[in-house]
There are 2 protein chains.
Amino acid sequence: MRQGPTITTIAARAGVSIASVSRVLNGLPTSDDTVRRVKVAADELGYVPNSVARSLKSSRTNQVAFAMADIGNPTYVAMVRAMQPVLKAAGFRLILHSTDADIDDELDVLRRLGERYADGLIISPLRVTERHLNAFAEARAPVVVIGSVPEGTPVDNVRADSRTGLRLALDHLYALGRRRIGFVNGPLDTVPGAARARAYADALAALGLPHDPALIEIGDFYREDGAAATRRLLARTRPDALMCANDLIALGALDVLRAEGLTVPDDVAVVGTDDTELAPVAWPMLTSVALGSAERGRRAAELMLDRLADGSAGPRVVTVEPRLVVRGSTEGPR
Amino acid sequence: MRQGPTITTIAARAGVSIASVSRVLNGLPTSDDTVRRVKVAADELGYVPNSVARSLKSSRTNQVAFAMADIGNPTYVAMVRAMQPVLKAAGFRLILHSTDADIDDELDVLRRLGERYADGLIISPLRVTERHLNAFAEARAPVVVIGSVPEGTPVDNVRADSRTGLRLALDHLYALGRRRIGFVNGPLDTVPGAARARAYADALAALGLPHDPALIEIGDFYREDGAAATRRLLARTRPDALMCANDLIALGALDVLRAEGLTVPDDVAVVGTDDTELAPVAWPMLTSVALGSAERGRRAAELMLDRLADGSAGPRVVTVEPRLVVRGSTEGPR
DNA sequence: TTGTAGGCGTTATCAG
DNA sequence: CTGATAACGCCTACAA
């Protein structure tokens, strides 16, 4: 763990100037003899270039940061997992920020971009406030947002298509003969909560089903909240299907339905959202709307790399196609 | 996204030298007037210090890297999640490396520590080879290894205690009257695979149960492999309990048992290992040996911070206490 | 082809 | 208390 050699060390050892060392190391035209001596010296000393010095000179860190609410959430895990190989292949390291969806924390991450510790930031805020929009505009490095932002926001944007996603799910339930399709959503002031509320209403309308407020319940995005919300919903009405705003909520719904002695999917079909790794673990396995977390992560990383290669293009919007993954919680037992 | 101001910009604006600016920014004794002028200028310009330049000067990056096989694995997710707040509180950023358990990749990460992009590396290799040990010795920055390393390896080390963990599990099964306790393990040339094989044998011996090779089967650490291994095992013998080397394997076992028409836990009790977030999602909920992934992550981060604060101490070994989390897959159907 | 020198943005030392 | 100035390690004109 001794101190590493620098080009100065190598220059001394090889009997050449630091400029020559730098040239050899960067493959610039140099005499064969010099090349040989430098390579030998560098090899013997186990030279590894100092990336900090390089960054200071080049004002490039080869690091990209990703900020999300909670790395424990399977959706973000899927994103990270998909970003990683893209960034790595391009020679970038990935820095992870967990913000607990705390707005000040998120703004702090954006402000700190000014420290230039990363070349760009991919961020997936649960809520997008006015302050976020300001911070996006003021950001000192390229920002890619996962989750919809208003038209005209000066960032690249990767969005899910909840609208089509819920439409797929409700069509599927309708085709199975379900007509009283409940909806257990997350908070309406979050990006996904708001989007999914609209999407549910639209899908009902498209099917010509009535929009019955008794069939809608709201909790937070976790299993316990989903369970509690489902309990409240069941206390006042009896759906034949439950659309859930994410997989954790759906797990909570399964818990409650089982506790109430209702059979899934015979009595009540259940659909989750996000198609996380949890969906095929549940029993019955959970039918879920895949909003393409992995692909959103991948696309975000690609947008970032594009942007870093050529900063001039206008803000781009990429929408990822949803897919319905049908499993036992809607298709019948087993 | 304009270029950020530097202390030079501020100095000019405040009409003082860059030295004074630096002093004010670092809270060193300065006249009130200078302080005021510098702060105003810095504020107006939205100054944010450049961390790269700071790093070059201080040879500290305030970054810690974590290398693991696959961020999709819930065990690593738990570690990352636990490291994050510890590092963040100490002002460190977290860099993530996913190596796919590729040895060359892991060695590369170790070698690149010489680039000084991070102050230290936490690594959790699935296999620890001779080359790893060499690389640990040669590393240009502090290394903390999660997973056992041989005595005398010059790194801090956080280990799980599979031995006690499996002992807890087998005692539990024994107490429930199970006597034919099968074992579905992962590859024996991995750190956890080897440890768990020994631990299983020891636990059997302690209970005075015979070590029957027919009850042991090996696959990889994934659900499909666990299912296949369980199928092979059931084809030749009939256990009344299955100990599984991780939760994914246990899920595969549940799949196969269900398919065979066997009831869990009545016919066969099932125990997983790692107590991941998947355990309480399965049905029946999975009893699992918690080897403290989160705590191992937390402790590793703490060891790293200690080490960075004071490099002189000898290599330390921390062992995390296991815990058996009992759920429906052993205790009876709810 | 090679070496000298300046600069990336900070911090820290040293005179004044 | 303050300002010049020299590092940190690297890259790159520019000059030889």
Side-chain angles (χ1 to χ4, degrees), chain A residues 2-39 41-42 45-63 91 112-119 140-141, chain B residues 2-39 41-42 45-63 91 112-119 140-141:
Chain A
R2 64 190 183 294
Q3 193 48 359
T6 70
I7 52 170
T8 310
T9 331
I10 296 181
R13 176 138 185 163
V16 300
S17 73
I18 61 166
S20 288
V21 174
S22 177
R23 275 189 288 260
V24 171
L25 264 24
N26 291 294
L28 297 177
T30 319
S31 78
D32 290 357
D33 185 51
T34 306
V35 170
R36 196 173 319 112
R37 291 160 66 189
V38 169
K39 289 213 158 146
L45 294 170
Y47 173 77
V48 182
N50 182 313
S51 66
V52 176
R54 209 170 242 182
S55 291
L56 182 56
K57 185 76 182 122
S58 65
S59 48
R60 276 291 210 129
T61 58
N62 288 311
Q63 300 190 148
R112 293 219 175 168
L113 268 184
E115 293 177 359
R116 317 249 48 153
Y117 67 88
D119 298 334
R140 293 274 166 81
Chain B
R2 65 191 181 292
Q3 194 47 359
T6 71
I7 51 170
T8 309
T9 330
I10 297 182
R13 175 140 187 162
V16 300
S17 72
I18 62 165
S20 289
V21 175
S22 177
R23 275 189 288 262
V24 171
L25 263 24
N26 291 293
L28 297 177
T30 319
S31 78
D32 289 358
D33 185 48
T34 307
V35 170
R36 196 172 318 111
R37 291 161 64 191
V38 168
K39 290 215 158 146
L45 294 169
Y47 173 77
V48 181
N50 182 313
S51 65
V52 175
R54 206 171 244 181
S55 291
L56 181 58
K57 187 73 186 125
S58 65
S59 48
R60 277 291 210 130
T61 58
N62 288 311
Q63 300 191 146
R112 293 220 175 167
L113 268 184
E115 294 177 359
R116 317 249 48 150
Y117 68 88
D119 298 333
R140 294 274 165 79

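Side chains are part of it too, since the values below use all heavy atoms of this structure and drop only hydrogens, waters and symmetry mates.
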Under 4.0 Å between a side-chain N/O of [X] and OP1 or OP2 of [N], yes or no?
{"X": "B:Thr6", "N": "C:dG9", "answer": "no"}
{"X": "A:Tyr47", "N": "D:dG9", "answer": "no"}
{"X": "B:Ser20", "N": "D:dG3", "answer": "yes"}
{"X": "A:Tyr117", "N": "C:dG9", "answer": "no"}
{"X": "B:Asn50", "N": "C:dC8", "answer": "no"}
{"X": "B:Ser59", "N": "D:dC8", "answer": "no"}

Grab the [atom1]-[atom2] distance between [X] and [N] for me, whole Å please.
{"X": "A:Arg60", "N": "D:dC11", "atom1": "CZ", "atom2": "P", "result": "15 Å"}
{"X": "B:Asp33", "N": "D:dT2", "atom1": "CG", "atom2": "C1'", "result": "12 Å"}
{"X": "B:Leu56", "N": "D:dC11", "atom1": "CG", "atom2": "P", "result": "12 Å"}
{"X": "B:Lys57", "N": "D:dC10", "atom1": "NZ", "atom2": "P", "result": "15 Å"}
{"X": "B:Ile7", "N": "C:dT11", "atom1": "CD1", "atom2": "P", "result": "7 Å"}
{"X": "A:Ile10", "N": "D:dC10", "atom1": "CD1", "atom2": "C1'", "result": "12 Å"}
{"X": "A:Arg116", "N": "C:dT10", "atom1": "CZ", "atom2": "C1'", "result": "16 Å"}

Quick check for you: among [options], whose closest atom lies nearest to any side-chain atom of [X]?
{"X": "A:Ser17", "options": "C:dT4, D:dC8, D:dT12", "result": "C:dT4"}
{"X": "A:Ala53", "options": "D:dG9, D:dT2, C:dT1", "result": "D:dG9"}
{"X": "A:Arg54", "options": "D:dC10, C:dT11, C:dT2", "result": "D:dC10"}
{"X": "A:Ser31", "options": "C:dG3, C:dT1, D:dG3", "result": "C:dT1"}
{"X": "B:Asn26", "options": "D:dT2, C:dT11, D:dG9", "result": "C:dT11"}

Just checking [X]: base, sugar-phosphate only, or nothing, at a heavy-atom cut-off of under 4.0 Å?
{"X": "B:Val16", "value": "sugar-phosphate"}
{"X": "B:Ser55", "value": "nothing"}
{"X": "B:Ser22", "value": "base"}
{"X": "B:Ser58", "value": "nothing"}
{"X": "A:Leu25", "value": "nothing"}

Pair of N/O donor and acceptor under 3.5 Å linking C:dG3 base with A:Arg23 side chain: yes

Matching residue for B:Thr30 among B:Asp33, B:Asp32, B:Thr34, B:Asn26 - test: side-chain contact (heavy atoms from CB on, under 4.5 Å):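 Single side-chain contact (heavy atoms from CB on, under 4.5 Å) partner of B:Thr30 among B:Asp33, B:Asp32, B:Thr34, B:Asn26: B:Thr34.
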
Qualifying residue for side-chain contact (heavy atoms from CB on, under 4.5 Å) with B:Thr61, from B:Asp119, B:Leu56, B:Val52: B:Asp119

Under 3.5 Å: donor-acceptor pair, side chain of A:Arg116, backbone of A:Arg140: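 Checked: pair present.
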
Backbone of A:Ser51 reached by a side-chain donor or acceptor of A:Ser55 within 3.5 Å: yes

Earlier contact from the 5' end, DNA chain D, for B:Asp32 and B:Ile18: B:Asp32

Nearest-0.5 Å distance that lies between atom CZ in A:Arg23 and atom CD1 in A:Ile7: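 The distance works out to 10.5 Å.
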
Heavy atoms from other residues, nucleotides or ligands near CZ of A:Arg112 exceed 12 (cutoff 6.0 Å): no

